[in-house]
Amino acid sequence: MAGCILMAVILFSNFVSIVPYSVQLPEKAYYVANYSHHSLHSVPKDVPLQTTVLDLQQNYINILVISDFSSLPNLKVLNMSQNVLGELDCNVFSLNKELVYLDLSHNSLTIISNQCNEGLQHLDLSFNNFQSLSMCEKFENLIHLDFLGLGAEIVHRSDLRGLEHLMLITVVLELEKLSDYEPGSIQMLNTQMLRLVLPIKEMDPWIILSDALNASVSLEVSNINYTTTGIGPESFKHSRVSDMTMEKVTLTWSAMIGLFQAIWKSSVKSLTVKKVTLVGLIKREQFYYGTTSVQAVTVQNVTITKYLFSQDDVYIFFSEMNIQNLTLNHDSILYMLCPSKPSPFRHLNFAHNTLTDATFQDCHTLVRLESLILSWNKLTELSKVSFMVLNMPLLQHLDISHNSLQYEMGDECQWPGSVLSVNLAANDLTDSVFRCLPTTIKKLDLQRNQIGYISAEIVQLLALEELNLASNRLKDLPDCRPFKSLAMLNVAFNVLQSPSSEFLHSCKSVETIEADNNPFQCDCDIREFVYQEKQTSARLTKWPASYQCAYPETVKGTLLQDFRISELSCNRTLLIVLVFITVAVLALFLFCLCKYLDIPWYIKMLWQWTQTRHRNRIRSNRPQSLKQNFSFHAFISYSERDSSWVKECLLPNLEREDGSIQICRHERNFVAGKSIVENIVNCIDKSFKSIFVLSPNFIQSEWCHYELYFAHHKLFTENSNELILVLLEPIPQYLIPARYHKLKALMAQRTYLTWPKERGKQRLFWANLRAAITVNLPEADESGPFQESGERI
Ligand SMILES: *[C@@H]1O[C@H](CO)[C@@H](O)[C@H](O)[C@H]1NC(C)=O
Ligand SMILES: *[C@@H]1O[C@H](CO)[C@@H](O)[C@H](O)[C@H]1NC(C)=O
């Protein structure tokens, strides 16, 4: 697919790291067109015009023509590595004035014609098919060049003369197919760093190597593949090299020792040997350490072909070294010997081996050791590790990550008092680990273990500043009380559901908390957590994007920051207060209702009304109970002084115009000629109910009392319930004369209707009263007119 274009500044940053000293251009200027691995046979025609980085590596392009790049005025970087170009005419780039980086390595180039762009900073022509380096004369004008990759079969001084004046930083000299080398050629190069690829076929490399040792400060040599005898300290006599790296080394053990012995007496300070294959027998070799400029030795990826040898013969060579840094990685080391006398080792790195807890037990000679890296080994017991390092009085940094370490509760642990940081990541440690830690540590890495809970009853790590507990099994934040100085806490990727506020408070002084990617339970407790974040901004790293609700299902995936829950459903006190207030308001409201609207009165009246209606219904179902023939619905007894109320209020409201309610009144219905008492009795008898309008006036009226007496009498003799008391005005008890005990008793026993002064209530009063006297009167002749009678006093 031809149009595959990536807007990738990232790719360029990658490129910068590969070529650290070269091209310095503003980042935004990059437009990357990536055509690598596209099986192309020629440069595509549709490369975007704005392209600045064109990646054509690993294709089958065999020829370049000027039209390939003429439309790309901005081209700065061209990678043509691993194609099949046979020749190059530098004129193809004549229109690419910006071109600074040109990688033509791993092609089949034999010829270069014409001068190349003056602006080039990086030019790689290594791993091609050049016969000689005669093309170098074309590069004389490349004064900006800092990287140059070359390769040829024949190397002569004269070919390199043209490069003498160039101030190069890195030169790659690939001599895989070398057939002829003129001594002194390499020294013609002026570079800080030389990467030398030695011939593959049998050939004594030491002439080339001793030239290389004098050519640069930093030397990388690969393909050291000889069981040579020619190495001696003389080879390094005039060396300038300080950093030396040897790669793809195949040697016998004794040749290797010989090489080291030579280097030991050279200018080399730092020696790295990578990808070593030891051939032949391994036996104890003499080595004179003496004084040396070597400070650091790194040996990586050693392979052994003959396995029958004494490990000690190898290990003693390293353990006795009088250097500061020793790194042995990926070397399958089983153990390491304790140096026989106080050792200058300050940094030991034995990562990626098979060391066990037995290493360095009772070792008292590592007195200068500051850091010990034993990650990716076979350590199992933390308590034993503590005794391993106990006699290293200056040890500050211990890395024992990626082992199978455990700690059995009760095992004794003793650490030197100097330890500042311990890396225990990726082990099998549980909660108990906190009982076996150096109390002096400032930095502790416990990520990827099995820690579930940290109680406050552990060793106090008062100096601890950084604690990494990522990828454990913590259900809650750790209790920070034992870590008084803690400033950074990482609890990401645990099973934290709701970080309890108690712990959150105990971790108050922690400046940064990483708690992302936990299965947060979004409920009330989480609010405190979110609140804390808002209070102490930027305390939680990766906030808010990496903090999401996992439970309940309904809010799964919601950012904690966006999760909302009402204050009420979380705050119990508030809830109680609110309920209390509501009840209080309601009570107050009811109180006001009662006080100002007299609700109880209405209720009482309604109750009476319903009772009456109920009674009346029963009665009308049993018409025979109306034995008497009534002529009136009610007889009204009242004091003369209340007559205005009776006439103006009571009667108009009770008597209907249709005459459905008939009232017997003494002024109207008393029959002349009969005695008053007779009239009263008659009237009471003929009335269904007797209404007494009670008031202080009533008490004072003698007649009224009679009427009451009769009615009451009737009540008792006929066991009827036809007395209605209407209290027009309140009657103080003391006003009722003693002889009126009947009235007193009645008023005490019977409920009476109180006349309400408020207009609003009067309707109900009337309704109640009407209901009490409503009854179907039989059709009777006696209901004929009564004569008006005389006035009563
Ligand atoms: C160019 O290609 C080679 C080989 O494929 C690769 O190693 C190198 O990193 C590439 N350079 C850039 C700048 O991409
Ligand atoms: C030795 O190792 C330490 C720690 O890794 C490092 O800082 C120092 O630069 C190394 N010294 C040499 C000479 O490489």
Side-chain angles (χ1 to χ4, degrees), residues 6 8-25 27 30-40 51-61 75-85 99-107 120-128 146-147 149 151 170 172 174 195 197 217-218 241-245 263-264 267-273 292-300 321-329 343-351 368-375 394-399 420-421 423:
L6 289 178
V9 174
I10 303 150
L11 197 121
F12 189 75
S13 66
N14 202 6
F15 143 69
V16 168
S17 69
I18 292 163
V19 196
Y21 331 98
S22 83
V23 210
Q24 299 289 325
L25 292 164
E27 227 179 71
Y30 290 91
Y31 185 92
V32 180
N34 188 352
Y35 295 93
S36 62
H37 296 89
H38 273 60
S39 306
L40 298 171
T51 300
T52 50
V53 176
L54 178 56
D55 193 345
L56 286 165
Q57 57 169 299
Q58 303 191 45
N59 283 293
Y60 303 107
I61 300 168
L75 190 66
K76 292 184 172 70
V77 175
L78 175 62
N79 197 345
M80 292 287 307
S81 181
Q82 302 197 44
N83 276 277
V84 289
L85 294 172
L99 191 67
V100 289
Y101 183 104
L102 182 57
D103 188 345
L104 293 163
S105 62
H106 297 276
N107 276 274
L120 277 180
Q121 296 171 17
H122 182 109
L123 176 61
D124 196 347
L125 295 165
S126 59
F127 297 95
N128 277 285
D146 51 35
F147 180 101
T170 307
V172 174
E174 171 263 311
R195 260 183 239 159
V197 183
V217 179
S218 186
V241 177
S242 152
D243 274 325
M244 183 162 176
T245 302
I263 292 168
W264 228 249
S267 57
V268 174
K269 287 189 179 133
S270 172
L271 173 66
T272 302
V273 190
T292 179
S293 55
V294 179
Q295 293 173 359
V297 168
T298 301
V299 179
Q300 280 176 5
M321 278 183 176
N322 49 344
I323 54 171
Q324 293 181 5
N325 292 14
L326 176 62
T327 302
L328 303 173
N329 295 155
S343 163
F345 285 139
R346 289 171 64 187
H347 305 278
L348 290 181
N349 180 343
F350 298 151
R368 302 255 189 101
L369 199 62
E370 292 167 21
S371 81
L372 177 60
I373 299 174
L374 296 175
S375 55
L394 299 182
L395 189 73
Q396 296 187 351
H397 172 67
L398 177 64
D399 183 349
L420 297 181
S421 90
N423 188 346

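Order of appearance sets the numbers: ligands from 1, and atoms from 1 within every ligand.
Legend: residues meeting side chain to side chain contact (heavy atoms under 4.5 Å, CB included) with V217, ordered by chain and number and at least two apart, are R240, S242.
The minimum heavy-atom distance between L99 and V77, with the atom names listed, is CD1-N, 4.2 Å.
Atoms of ligand 1 lying under 4.0 Å from at least one heavy atom of Q82, given by number and element, are 4 (C), 5 (O). Remark: ligand 1 atoms within the under-4.0 Å shell around heavy atoms of Q58 are 5 (O). Residue D103 approaches ligand 1 through these ligand atoms, each under 4.0 Å from one of its heavy atoms: 1 (C).
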For ligand 2, output the ligand-protein N/O contacts shorter than 3.5 angstrom; if there are none, return none.
{"residue": "ligand 2", "atom": "2 (O)", "partner": "N325", "partner atom": "ND2", "Å": "2.2"}
{"residue": "ligand 2", "atom": "11 (N)", "partner": "N325", "partner atom": "ND2", "Å": "2.9"}

side-chain contact (heavy atoms from CB on, under 4.5 Å) assessment of F345 paired with M321:
CA-CA 8 Å; F345 285 139; M321 278 183 176; 4.1 Å; yes
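Using modelled atom types, one side-chain atom of N128 and one backbone atom of L104 make a donor-acceptor pair closer than 3.5 Å. Put simply, the side chain of D399 never gets that close to the backbone of L374: no donor and acceptor are under 3.5 Å apart. With N107 contributing its side chain and V84 its backbone, the two residues share a donor-acceptor pair below 3.5 Å.
Some N or O of N79 is nearer than 3.5 Å to an N or O of ligand 1, by distance alone.
Between S105 and S81, the side chains place a donor N or O and an acceptor N or O closer than 3.5 Å (distance only, hydrogens not considered).
Under the side-chain hydrogen bond (donor to acceptor under 3.5 Å, both in side chains) rule, S371 has a single partner from Q396, H397, H347, which is H347.
Proximity of H106 to ligand 1, defined as any heavy-atom pair under 4.0 Å, is not found for any part of the residue.
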